[in-house]
Amino acid sequence: MSTDYDVIIVGGGPTGLAAAVYTGRSLLRTLVLEKQVPGGQIALSAAIDNYPGFADGITGYDFAEAFLKHAKRFGAEVLVGTGANSIIRNDDGFFTVGLSDGRDLTAKSVILAMGRHPRKLEVPGYEKLFGRGVSVCATCDGAFFRDVPVAVVGGGNSAVEEGHFLTRYASEIFSIHRRDHFTAQKILIEEYLHQPKVKPVWNSVVEAIHGEKEVEGIRIRDLKSDQVQEFPVKAVFVLIGWIPNSELVRELVDLDDQGRVLVNELMETKVPGLFAAGDLCVRPIYQLANVVADGVQAAVSVEKYLEGKK
Ligand SMILES: Cc1cc2nc3c(=O)[nH]c(=O)nc-3n(C[C@H](O)[C@H](O)[C@H](O)COP(=O)(O)OP(=O)(O)OC[C@H]3O[C@@H](n4cnc5c(N)ncnc54)[C@H](O)[C@@H]3O)c2cc1C
């Protein structure tokens, strides 16, 4: 039976577009489905300073545009504003992907690259100042805040690890947590609290983030005493967790307890012909350089899989 495409890539973030460059260049009939804007999480980032090869940095928008152009140059079709609503593996081993516009398309293989989204802080100022002092990634944005006070919100492993990373740059780190202890690994907590720059603020929540164009401060409420305090921080790192966009495939593939897709080093899921890559999956780090590598690996694995089917 013939199919509409050799591969359908679900998600047009850096992972999906990197995969499309490779599958397109290998002359595989490639479709990328992107339900929002190409570039994924990075599209809205004001500055990327750590992607190797861009010594002067690059905006998220320009980065996303460059990836999109590259994927299209090798013939990948990219449907923007169209999501995948369902994925079924048929008895013949091919896939039927149900689109948000009502169509069904078939493919010999599928790469899942739906990424993840951060848990938000539902307080005034969060949305307005996102990318202008409000950040969900200390590894990405920490270096922009040298010798100024910052806040970290959260108490799990990522808050403690990324808070620790910020001690290289910030003058002070107000580490705000709603409980009276962190829930990260003990060793990480000990190392973190040992840092003189770290000032834990227990039993407290952020009530508002102030600033017009950039973060100028935050208001904190102590949940025990009900007292309110103002902190004149220049950045707020909200590290309260991530939600993988794996709902679509929860019945199809194996997920870990956080909902991340489990893959092997070839980006294979447990379903033959179904690959997954990037932030959607369990990865050692969540950065552009490695999700791009994931996308490339998934594309090469698709090629090998399809060759085996010939
Ligand atoms: C604010 C911010 C700044 C960052 N800065 C840096 C940095 O400076 N350096 C760095 O290395 N990393 C940075 N990162 C991390 C980097 O952006 C991510 O690791 C990377 O974007 C992950 O790529 P991805 O393609 O796997 O997922 P995503 O970027 O999440 O892209 C997934 C895409 O899939 C789409 N999608 C989801 N579900 C569907 C569906 N059902 N159908 C169709 N499309 C779907 C989404 O709309 C999205 O566009 C930053 C992250 C954030 C949030």
Side-chain angles (χ1 to χ4, degrees), residues 41 44-47 49-50 116-243 257-258 285-287:
Q41 296 162 51
L44 298 177
S45 170
D49 242 1
N50 59 1
R116 60 180 189 166
H117 60 278
R119 230 175 267 283
K120 289 181 181 175
L121 209 53
E122 304 287 345
V123 299
Y126 178 91
E127 296 284 355
K128 183 172 97 173
L129 296 167
F130 194 91
R132 290 184 284 158
V134 175
S135 171
V136 291
C137 179
T139 316
C140 313
D141 298 332
F144 296 123
F145 300 96
R146 285 170 197 258
D147 303 319
V148 292
V150 304
V152 167
V153 183
N157 277 342
S158 58
V160 167
E161 268 176 330
E162 298 211 38
H164 197 159
F165 176 80
L166 289 169
T167 59
R168 299 177 194 191
Y169 307 108
S171 58
E172 274 177 304
I173 296 150
F174 297 102
S175 206
I176 299 151
H177 189 38
R178 52 168 56 247
R179 303 197 198 183
D180 62 1
H181 62 279
F182 293 130
T183 52
Q185 284 169 23
K186 265 200 174 135
I187 175 91
L188 296 177
I189 298 173
E190 267 171 34
E191 284 169 7
Y192 186 48
L193 291 178
H194 200 67
Q195 299 289 325
K197 288 181 179 180
V198 175
K199 315 274 181 328
V201 185
W202 304 119
N203 304 307
S204 298
V205 292
V206 177
E207 274 200 341
I209 303 172
H210 312 304
E212 274 312 309
K213 297 211 164 117
E214 292 173 349
V215 169
E216 286 159 18
I218 50 173
R219 187 168 72 237
I220 304 294
R221 183 173 296 274
D222 185 310
L223 294 171
K224 285 206 160 155
S225 67
D226 213 31
Q227 268 190 349
V228 166
Q229 260 183 294
E230 299 284 344
F231 290 97
V233 296
K234 298 289 180 203
V236 188
F237 290 89
V238 180
L239 304 169
I240 53 177
W242 291 86
I243 304 168
D257 58 356
Q258 295 173 39
I285 55 165
Y286 294 87
Q287 288 283 282

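Counting begins at 1 with the first residue of the sequence.
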For this session: Determine, step by step, whether V160 and N157 satisfy the side-chain contact (heavy atoms from CB on, under 4.5 Å) criterion, reporting the C-alpha distance in whole Å, the side-chain angles of both residues, the deciding distance to 0.1 Å, and the verdict.
Result: CA-CA 5 Å; V160 167; N157 277 342; 5.8 Å; no
Exercise. Has the side chain of R221 got a donor or acceptor atom that lies under 3.5 Å from a matching backbone atom of D226?
Worked result: yes
Exercise. Do C140 and Q287 come within less than 4.5 Å of each other through their side chains, counting heavy atoms only?
Worked result: yes
Exercise. For H177, what residues pass the ring-ring contact (aromatic ring centres under 6.0 Å, His included) criterion, not counting sequence neighbours?
Worked result: F182
Problem set entry | Donor + acceptor pair across side chains of E230, H210 (<3.5 Å) | yes
Exercise. Can you check whether E161 reaches L188 side chain to side chain, under 4.5 Å on heavy atoms?
Worked result: yes
Problem set entry | Gap between atom CH2 of W202 and atom NE2 of H181 - 0.5 Å precision | 8.5 Å
For this session: Report yes if the side chains of V228 and R219 come closer than 4.5 Å at any heavy-atom pair, otherwise no.
Result: yes
Exercise. Which distance, rounded to the nearest 0.5 Å, do you find between the CZ of R179 and the CG of L223?
Worked result: 12.0 Å
Exercise. Between E172 and K197, is a salt bridge (charged side-chain N to carboxylate O under 4.0 Å, His left out) present by the stated rule, with each step listed?
Worked result: CA-CA 5 Å; E172 274 177 304; K197 288 181 179 180; over 6 Å; no
For this session: Taking the side chain as every heavy atom from C-beta outward, state whether F231 and F174 have any pair of such atoms under 4.5 Å apart.
Result: yes
Exercise. Taking C-beta and beyond as the side chain, do I176 and V152 meet within less than 4.5 Å on heavy atoms?
Worked result: no
Problem set entry | Worked check of side-chain contact (heavy atoms from CB on, under 4.5 Å) between V236 and V238 | CA-CA 6 Å; V236 188; V238 180; 4.1 Å; yes
For this session: Looking only at non-hydrogen atoms, find the nearest pair between A151 and I218 and report the distance.
Result: CB-CD1, 3.6 Å
For a quick test of your reading: what N or O donor-acceptor pairs under 3.5 Å do the side chains of residues 122-139 make, sequence neighbours left out?
unit_1	atom_1	unit_2	atom_2	d
E127	OE2	K120	NZ	3.1
K128	NZ	G211	O	3.2
R132	NH1	K213	O	3.3
R132	NH2	K128	O	2.5
S135	OG	C137	N	3.0
S135	OG	C137	O	3.2
S135	OG	D141	OD2	2.7

Problem set entry | W242 side chain reached by Y286 side chain, heavy atoms, under 4.5 Å | no
For this session: Side-chain contact test, heavy atoms from C-beta onward, threshold under 4.5 Å: evaluate it for E191 versus H164 and give yes or no.
Result: yes
Problem set entry | disulfide bond (SG atoms under 2.5 Å apart): pairs with one or both residues in residues 197-236, sequence neighbours excluded | none
Exercise. When you check the side-chain N and O atoms of Y192 and S175, is any donor under 3.5 Å from an acceptor?
Worked result: yes
